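The structure appears right after this line, and notes come after that.
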Amino acid sequence: MQKYLDKLYIAMVGLPARGKSTVASKLKEGLKKENIKVRIFNNGDLRRKLLSRNSSKPDFYNPENKENARLRENIALINIENARKYLHNNGQVAILDATNVSLKRRSKIQSMLCEHPVLFVECINEDEEILKASITKKTEQPEFSRLNFQNAFESFEKRIFYYEHIAQHLDEERNYYILDSLNNQILKEKITENIFCNIQIRDLLVSDWVKNLFLVRHGESHFNLESRIGGDPELTPNGWSQAEALAGHFQNSNIPYIYTSTKKRTIQTAQPITRMQKNAKLLELKEFNEIDAGICECMSYEEIRKNMPQIFHARTCDKYNYIYPQGEGYVTLKERVDRGLKKAIYLSGIATYIMIIGHQAVNRMILAHFLYRRREDVPYIYTPQDRYFHIISTQSKKLFELKKY
Ligand code: F6P
């Protein structure tokens, strides 16, 4: 059959909680900016609309249960048909957002949608911690509102288990990308047809999503007053006032995700702002904990200089590469902080604004991620406690502003 190459079906593929809907939204928003008419057809949304009855229970996904399998198949068929109609009218790209993990389902999609090419995009993410966090996010959906957290979590895990039974990776399909959705990395690709907007799509898949990142350092802590490093000190009264001022500064903004480390000084700094921003989700990531100063933890710089002059000297000579005995250095911190940043961006979906409340060394590494700096200059980036960085990072623009709050 003659295919029309000015239109495209994209079919998402992957187990639940692997970032498919985020990637689908990212493609939609990115293509819309190119004035392309694009729409998402989401099977989960349609299921919730048509079959609220028990469709959140794990057994609904048991492939052995023929009646439920038929109901799920019908939902898929309705969306396939809706996507077909959309391209038949004036739509240009129709995105089928569903698991589509079985070969059978995918060959059905390819045979039913034969008038334009189909591009499959499989999302893979086997990072245990991220998966746990993603499932936790799913349990907050209204369909789990009648279950407590533990039961909702287990129910969702069971759903994944059923899908795992029938899942097969992309291989024989005509066109596909297999994407590591945490690292925005294409792991495997095959394109055998002329794919409408392929260059834009490929670029969108590997790009970080548009983010307004507010990067804040925690308020003044008791250790800051004594120039002591590390530990887990609380905020001083001045630190609490800074936290209140931060909340006041952002009172008219809407920041859906606020990330901190697991240390008291960052969590306390976040308290007033999360009290004010009722819908904000506060997530503590250990990846954002301050550099571990090993045997120097809780010492002041002066004590290190006096009692451990060799450490003081070695660190002064090469601050970036120096690693504290039994601790970390900037050079080793990089991997951990980059991972935290990826995690935060992944968990924020397509939220446009996020805030990270971190520490001096951690914030320097985050800034270095966006800002070109020589490695040796990173440990000296200025990170005051009464100002924050507003980082706008899109494919076409990078902007940094140090603002007072
Ligand atoms: O002094 C506060 C602090 O966050 C310490 O906990 C940490 O060891 C230090 O800053 C990191 O900054 P620098 O690398 O300049 O010592």
Side-chain angles (χ1 to χ4, degrees), residues 214-243 246 258-271 284-341 344 355-371 373-389 402 405:
F214 299 116
L215 183 65
V216 183
R217 188 176 163 201
H218 63 80
E220 182 186 77
S221 74
H222 288 285
F223 273 21
N224 289 146
L225 282 183
E226 300 165 23
S227 287
R228 277 183 200 286
I229 64 176
D232 194 10
E234 307 214 1
L235 294 184
T236 61
N238 182 36
W240 279 109
S241 309
Q242 288 167 332
L246 180 71
I258 299 177
Y259 297 89
T260 65
S261 73
T262 64
K263 301 291 178 190
K264 288 191 203 108
R265 53 200 188 277
T266 61
I267 297 168
Q268 290 178 344
T269 306
Q271 273 171 16
E284 296 168 21
L285 299 185
K286 61 180 183 316
E287 285 84 354
F288 292 149
N289 284 352
E290 183 54 311
I291 191 169
D292 178 355
I295 60 170
C296 298
E297 275 287 296
C298 304
M299 291 174 76
S300 70
Y301 288 113
E302 187 52 18
E303 284 165 352
I304 301 172
R305 193 183 64 79
K306 271 202 194 132
N307 304 333
M308 300 177 175
Q310 65 298 354
I311 291 185
F312 190 84
H313 179 70
R315 192 163 195 260
T316 311
C317 287
D318 186 357
K319 198 172 169 188
Y320 189 88
N321 288 306
Y322 182 78
I323 299 174
Y324 282 107
Q326 295 168 37
E328 295 175 302
Y330 280 87
V331 65
T332 54
L333 186 65
K334 181 173 168 29
E335 198 188 320
R336 164 159 80 79
V337 173
D338 278 353
R339 187 179 147 70
L341 198 56
M355 177 178 280
I356 297 175
I357 303 180
H359 302 260
Q360 177 154 254
V362 165
N363 286 11
R364 286 173 175 158
M365 292 312 310
I366 294 175
L367 282 165
H369 177 95
F370 294 101
L371 192 69
R373 279 287 159 89
R374 294 183 316 158
R375 279 157 66 114
E376 54 267 46
D377 295 328
V378 173
Y380 299 97
I381 297 177
Y382 179 50
T383 55
Q385 275 166 315
D386 57 352
R387 270 169 271 182
Y388 67 92
F389 283 93
L402 183 58
Y405 62 79

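All of these numbers come straight from a predicted model, not from anything done at the bench. As the structure lists them, so they are numbered: ligands from 1, and atoms in each ligand from 1. Residues: numbered from 1 along the sequence shown. These numbers come from the heavy atoms of this one structure, side chains and all, not from hydrogens, waters or symmetry mates.
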Interfacing atoms of ligand 1 (cut-off 4.0 Å, heavy-atom, [X]):
X	answer
Tyr301	1 (O), 9 (C), 10 (O), 12 (O), 13 (P), 15 (O), 16 (O)
Ile291	7 (C), 8 (O)
Lys319	13 (P), 14 (O), 15 (O)
Gly230	5 (C), 6 (O)
Arg315	13 (P), 14 (O), 16 (O)

Q: Evaluate the side-chain proximity of Thr236 to Asn224: yes if any heavy-atom separation is below 4.5 Å, no if none is.
A: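 Contact flag for Asn224/Thr236 side chains = no.
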Main chain of [Y], side chain of [X]: is a donor-acceptor contact present, judged purely on distance under 3.5 Å?
X	Y	value
Glu234	Lys264	no
Thr266	Thr262	no
Arg265	His218	no
Arg364	Pro379	yes

Q: Name the option, out of Gln360, Glu290, Arg228, Glu226, that contains the heavy atom nearest to atom 4 (O) of ligand 1.
A: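 It is Glu290 that holds the nearest heavy atom.
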Q) Is Ala293 in contact with ligand 1, taking contact as a heavy-atom separation below 4.0 Å? A)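 No, Ala293 has no heavy atom closer than 4.0 Å to ligand 1.
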(Q) Does any N or O of ligand 1 fall below 3.5 Å from an N or O anywhere on Tyr330, backbone included? (A) yes
Q.
I'd like to check whether Ile229 has a polar contact with ligand 1, where a contact means an N/O of the residue lying under 3.5 Å from an N/O of the ligand.
A. no
Q. What do we get for Arg364 next to ligand 1 when only non-hydrogen atoms under 4.0 Å count, side chain, backbone, both or neither?
A. side chain
Q | Nearest atoms (heavy-atom pairs only) where Leu235 meets Gly219 | A | CD2-O, 3.3 Å
Q: Look at the aromatic rings of Tyr320 and Tyr330 and report parallel, tilted or perpendicular, splitting at 30° and 60°.
A: parallel
